[in-house]
Structures are given as C-alpha cells and as structure tokens.
Amino acid sequence: MVFSNNDEGLINKKLPKELLLRIFSFLDIVTLCRCAQISKAWNILALDGSNWQRIDLFNFQTDVEGRVVENISKRCGGFLRKLSLRGCIGVGDPSLKTFAQNCRNIEHLNLNGCTKITDSTCYSLSRFCSKLKHLDLTSCLEDEALKHIQNYCHELVSLNLQSCSRITDEGVVQICRGCHRLQALCLSGCGNLTDASLTALALNCPRLQILEAARCSHLTDAGFTLLARNCHDLEKMDLEECILITDGTLIQLSIHCPKLQALSLSHCELITDDGILHLSNSTCGHERLRVLELDNCLLITDVALEHLENCRGLERLELYDCQQVTRTGIKRMRAQLPHVKVHAYFAPVTPPTAVGGSGHRLCRCCVIL
C-alpha cells in the first residue's frame, strides 16, 4: 500500500507511537527497511530497536559483510534476542566482537557456515553474552573455542557442533563441565570423539533430551550405557553410523530412557532382532516411540517387525537396504499398525533361468506403505 503525505501524517496523529510500534513489530526486515524510507517519522519507528528482536539474514548471505552486522548490533543493542548469520561467510571475528559488546541479551545465535570466525569470536561471546542459550557453530571451530564458552555461557541449553571435524573429547568435556543445563547437543560428523565425550555428558548434563552423534564411529556400548543410566530425559537420538554399538545399547536405552521418541540406528550393522525386542517391550516402546530408522541394519529380519507391533504409537519406520526384511513381513506389521509409514528398499532380483538362458534383472523397488 502506498500512502500520500497526508495519509501518512494522519496515521501518525491518530495512532499513538506505542500502537504503531506494535504494528511495525509484525513486519519482516525487508518491509521495515522499505517503511523506513517513507518519512522521518516512519524511519524512526521502523528502525526502533524493539522491532529488531529476531533477525534472519540467510536470504541475504552473499551480501552480508562485517559492517552490516556491526550496524545491526548498534541499532538493536539490548533488544536483539535472536540472530541467524547462517551462510554469511563474509562475517569474521572483528564484527562479531562488536556485536557481542552491543547485544548482550542475545539468546539464539546461528553461525552455521561462518568459516572466517575463530576461537576469538567464542571468547567475545563468552565475555559479553552470558544469556546465550542456543548456539550453532556448524562447520566452524575447534577445541580452543569451546574453552571460552565453558567459562561463561552457563545458560546454554542448545549447542550445534555438526561437522566441526577438529573437535576432540577435550572440547566436549569442557563444554559439559561448564554447561550443566544443556538439553540438545549435535556432534554429528565429529569423527574424533570417543566414549570420553559420552562419559562427560552422562556425568554433567542430566537434562539432556536430544543427542545427535551420527558418524561418530568410535562410540561404543560402554559410553551409551553410562549415558542412558544418567540421562533419563533423552527423547531423540541420532546414532547413524555408530558402527560399534550393539544390542547392548538398546537394552540400556530400553531400561533407563522411558521418554525416547525418535531413534536412528541406520548403518549400525551389529543391531539384531533381539535389540528391537527389548526396545519394543520397554516403556518408551509401548508409550513414546514415534520414529525408528534401521536403514542398512543387515541383521534385522521380519522377526523385528513382529516385535515392533507392540509400539502402538510408531509413526515412521525406515528399512532401506534391510536385506532380510520381506514385503510379507511389512504387510503383516501394517495389519497391526495401519497408521505407520514404512519406507523400505528391495534390491534387484535375478529370477532363475534355464541352462544357457539369460535372467531378466528386475527393477529396484522403493516401497512406501
């Protein structure tokens, strides 16, 4: 809508500033910037810090440089609560130091893919942003950075370290010792980690609800046993390609984690039907389990599907490349659980032929029932 000067002036006179600010608070940053160009009065209203509490610059990532972040921080100051700089590769340590100094009430900060930042940024955040609760450092940092977070960011409840390939047990141990309120932690792709990291989580973070540890191939039953016995609020676990774990991990989760709702065990090739039996007969199996991913679990058979009939709340089951699972087994389970979505893949089959003949290779089949 386009206003004439008279219309815009009338609105300013009829509506109090507080109401106008409330209206402006519903606008996205692009619209706010456009409104700021209409008049001096609207420029003041549109750029008021109270309208800039949540900012997502992902759509402008190629244009965002350090000075943009600095200007935003000066404009928003203590009003800013949530900022996403995901993919903003032009942002570095100096601008984030200015940001940290100006925006001390920040609670959510996404630095996913900001590859220019170093441990200096974490030092600035830890020094000035003690209210920080959710931090995404995907593909960014190493152990030294986590030391600073440990010392000052005690309110942290969510931390994403996905694909921070240089992170070691030392860094995770430091985080756990300083951030006892941690509820969600992503360590997927941190391939250097061992059970020492799980031990630190178990002993220091009893409120943990979400753990993503895909492709952490050194983790074993021993670490997950200690974790399950101490973190009873676990609701979601991604253990894809944790290739050393066995049914022992499932037994411990079944006993100690009654709130478990989603579990990924894809490519955990040592998991068998017996582990699924324990899971399906547990409290979480009967009452909570909604999603189970078993892709490439080569020892899983139709027997496991019979066990899963006890999981009355199951909504999605992944069975890609489970070579011992049959269509018949899936159909039998679906007769008992008609609401569940089953994603399965059946490998090509070569039917028998007469001597000297040639078999006709059947097409691959991806089935969603």
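By the rule that hydrophobic residues join a cluster once side-chain heavy atoms approach within less than 4.5 Å of another member, L263 and L308 end up as members of one cluster. If you chain together hydrophobic residues whose side chains sit under 4.5 Å apart, F224 and V173 never meet in one group. By the rule that hydrophobic residues join a cluster once side-chain heavy atoms approach within less than 4.5 Å of another member, L226 and L260 end up as members of separate clusters. Connection of I210 to L253 is not established within any shared hydrophobic cluster, with ILVMFWY side chains joined at heavy-atom distances below 4.5 Å, either directly or through further cluster members. Cluster membership check: I44 does not share its hydrophobic cluster with L20, using side-chain heavy-atom separations under 4.5 Å among Ile, Leu, Val, Met, Phe, Trp and Tyr.
T138 and D136 share a donor-acceptor pair across their side chains, judged by distance under 3.5 Å alone. No side-chain donor from either of N160 and N112 sits under 3.5 Å from a side-chain acceptor of the other. No hydrogens or angles considered: a donor-acceptor pair under 3.5 Å links the side chains of T121 and D93. A donor atom on one side chain and an acceptor atom on the other are found under 3.5 Å apart for N105 and K131. Counted by atom type alone, T168 and N192 present zero donor-acceptor pairs between their side chains at under 3.5 Å. Looking at N51 and S25, their side chains never bring a donor and an acceptor atom within 3.5 Å of each other.
Ring geometry for H108 against H134 counts as parallel: the plane angle stays under 30°, on a 0 to 90° scale with 60° as the upper cut.
Cation-pi geometry between R86 and F58 is met: under 6.0 angstrom from the ring centre, within 45 degrees of the axis.
Other residues, nucleotides and ligands place no more than 12 heavy atoms under 6.0 Å from the CZ atom of R22. In the displayed structure, L299 atom CG is contacted under 6.0 Å by more than 12 heavy atoms of other residues, nucleotides or ligands. Environment of OH in Y123: sparse, with no more than 12 heavy atoms of neighbouring residues, nucleotides or ligands closer than 6.0 Å. At most 12 non-hydrogen atoms from other residues, nucleotides or ligands lie less than 6.0 angstrom from OH of Y152. Dense packing is recorded around CZ of R81, with more than 12 heavy atoms of other residues, nucleotides or ligands lying under 6.0 Å away.
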Next on the checklist: Between S126 and N151, does the side-chain hydrogen bond (donor to acceptor under 3.5 Å, both in side chains) criterion hold? Intermediate values first, please.
Outcome noted: CA-CA 7 Å; S126 65; N151 290 331; over 6 Å; no
Item to check | Stepwise side-chain hydrogen bond (donor to acceptor under 3.5 Å, both in side chains) test for N296 and S266 | outcome: CA-CA 6 Å; N296 281 95; S266 297; over 6 Å; no
Item to check | Full working for salt bridge (charged side-chain N to carboxylate O under 4.0 Å, His left out) between E155 and R181 | outcome: CA-CA 7 Å; E155 300 294 319; R181 299 186 180 186; 2.8 Å; yes
Next on the checklist: The test is side chain to side chain contact (heavy atoms under 4.5 Å, CB included); show your working for K74 and T98 and say whether it passes.
Outcome noted: CA-CA 8 Å; K74 293 172 183 176; T98 301; 4.3 Å; yes
Checklist entry - Where do L193 and H218 land on the side chain to side chain contact (heavy atoms under 4.5 Å, CB included) test, with the steps shown first? => result CA-CA 7 Å; L193 302 183; H218 300 302; over 6 Å; no
Checklist entry - Can R229 and I255 be said to form a side chain to side chain contact (heavy atoms under 4.5 Å, CB included), step by step? => result CA-CA 8 Å; R229 291 177 177 177; I255 296 172; over 6 Å; no
Next on the checklist: The test is side chain to side chain contact (heavy atoms under 4.5 Å, CB included); show your working for L201 and L211 and say whether it passes.
Outcome noted: CA-CA 10 Å; L201 278 169; L211 176 63; 4.0 Å; yes
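A salt bridge links E144 with K147: the closest approach of a Lys/Arg side-chain nitrogen to an acidic carboxylate oxygen falls below 4.0 angstrom.
Judged purely by atom type and a 3.5 angstrom limit, H339 uses its side chain to pair as donor or acceptor with the backbone of R312. Judged by distance alone, with hydrogens and angles left aside, the side-chain atoms of D195 form no donor-acceptor pair with the main-chain N or O of L198 at under 3.5 Å. Remark: the backbone N or O of H307 is paired with a side-chain donor or acceptor of S280 at under 3.5 angstrom. Without hydrogens or angle criteria, T225 side chain to D221 main chain gives a donor-acceptor distance under 3.5 Å.
Screening residues 281-301 for salt bridge (charged side-chain N to carboxylate O under 4.0 Å, His left out), with sequence neighbours left out, gives R290-E315, E293-R316. Screening residues 40-52 for salt bridge (charged side-chain N to carboxylate O under 4.0 Å, His left out), with sequence neighbours left out, gives no hits.
The side-chain heavy atoms of V91 and V68, taken from C-beta on, include no pair separated by under 4.5 Å. Between I300 and T272 the shortest side-chain heavy-atom distance does not fall below 4.5 Å. Counting heavy atoms from C-beta on, the side chains of L109 and L111 come closer than 4.5 Å. When side chains are defined from C-beta on, H286 does not count as touching P258, because their heavy atoms never get closer than 4.5 Å. Taking the side chain as every heavy atom from C-beta outward, L305 and L319 approach each other to under 4.5 Å. Counting heavy atoms from C-beta on, the side chains of L32 and W52 come closer than 4.5 Å. Between F128 and N102, every side-chain heavy-atom pair lies at or beyond the 4.5 Å cut-off. The side-chain heavy atoms of I175 and L182, taken from C-beta on, include a pair separated by under 4.5 Å.
For C103 against C129, the heavy-atom pair with the smallest separation is O-SG, 3.8 Å. Residue A213 comes nearest to L239 through the heavy atom pair CB-CD2, 4.5 Å, listed as atom of the first residue, atom of the second, then distance. Of all heavy-atom pairs spanning I106 and K82, the tightest one is CD1-N, 3.6 Å. Closest of all the heavy-atom pairs between L146 and Q174 is C-OE1, 4.2 Å. The two residues E241 and C268 make their nearest non-hydrogen contact at N-SG, 4.2 Å.
In this structure, N110 CG and L57 CG are separated by 11.0 Å, a value rounded to the nearest 0.5 Å.
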